[in-house]
Undergrad: 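Below is one structure. I have some questions about it.
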Amino acid sequence: MRIRLLTTLVVGFIATSCGPGQTRTPSKRAQEIAKTSIIIDAHIDLPNRLGKNWADVSKATEDGNFDYPRAVEGGLNASFMSIYTPSVLEAEGRSRTVADQLIDMVEGIVS
């Protein structure tokens with residue numbers, strides 16, 4: 001079980017390590033693992049990205065590390081959106097307001 005989990009994590013890391021504009025054809029073995037494993041991304045920074053520059057991530061995008069077509073292609077089964085606020089917002093007293101806005105945005109996306 002540990003080897004399978006580790007393999008899944010490695011495949012997930014490799015699949016998500018392609019940055020914007022990069023494409024990589026996964027090996028046949030990686031595709032098999034993706035089809036037979038549960039792949040979870042527990043830290044998607046999408047809310048922060050969309051808060052700065054809105055994009056329709058239901059379609060392929062040129063920038064960022066996440067969009068729905070790539071998630072499906074990579075076999076992503078579950079994702080968790082992270083609510084990140086830069087430390088400068090805390091110093092300005094705005095981190096909670098921005099975090100609440102990002103949470104509202106994620107709830108809107110889900111709806």
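Computed from heavy atoms alone, side chains included, the values below leave out hydrogens, waters and symmetry copies.
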Undergrad: Hey, any chance F80 and I38 share a hydrophobic cluster, counting ILVMFWY side chains that come within less than 4.5 Å of each other, even indirectly?
TA: yes
Undergrad: Minimum heavy-atom separation for R70 and D63, please, with both atom names.
TA: NH2-O, 4.0 Å
Undergrad: Restricting to side-chain hydrogen bond (donor to acceptor under 3.5 Å, both in side chains), what partner residues turn up for E92, sequence neighbours left out?
TA: R94
Undergrad: Applying a strict under-4.5 Å side-chain criterion to I, L, V, M, F, W and Y, I'd like to know whether V72 and M81 cluster together.
TA: no
Undergrad: Could you tell me whether a side-chain N or O of R49 sits under 3.5 Å from a main-chain N or O of I44, the two making a donor and an acceptor?
TA: no
Undergrad: Only counting residues at least two apart or in another chain, list the ones meeting side-chain hydrogen bond (donor to acceptor under 3.5 Å, both in side chains) with S82.
TA: D45
Undergrad: Let me confirm one number: the CG-CG distance from L50 to L46, rounded to the nearest 0.5 Å.
TA: 4.0 Å
Undergrad: I'd like to check the side-chain contact (heavy atoms from CB on, under 4.5 Å) partners of N48; sequence neighbours left out, ordered by chain and number.
TA: K52, Y84
Undergrad: Between F66 and I83, is there shared hydrophobic-cluster membership here, with clusters defined by ILVMFWY side-chain heavy atoms closer than 4.5 Å?
TA: yes
Undergrad: For S58, enumerate each residue passing the side-chain hydrogen bond (donor to acceptor under 3.5 Å, both in side chains) test, keeping only those at least two apart in sequence or located in another chain.
TA: D56
Undergrad: Who pairs with E90 by side-chain contact (heavy atoms from CB on, under 4.5 Å), at least two apart in sequence or on another chain?
TA: S95
Undergrad: Please, which pairs that meet salt bridge (Lys or Arg N to Asp or Glu O under 4.0 Å) have at least one residue in residues 100-111, sequence neighbours excluded?
TA: R96-D100
Undergrad: Between P47 and V106, which heavy-atom pair has the shortest distance, and what is it?
TA: CG-CG2, 3.4 Å
Undergrad: Give the minimum heavy-atom separation between A60 and P69, together with the two atoms involved.
TA: N-CG, 3.4 Å
Undergrad: Taking side-chain hydrogen bond (donor to acceptor under 3.5 Å, both in side chains) as the test, write out the residues that go with N77, two or more places apart.
TA: none
Undergrad: Can you tell me how far apart CD (E32) and OG (S37) are? Round to the nearest 0.5 Å.
TA: 10.5 Å
Undergrad: State whether the side chain of D67 and the backbone N or O of T61 hold a donor-acceptor pair below 3.5 Å, judged by distance alone.
TA: yes
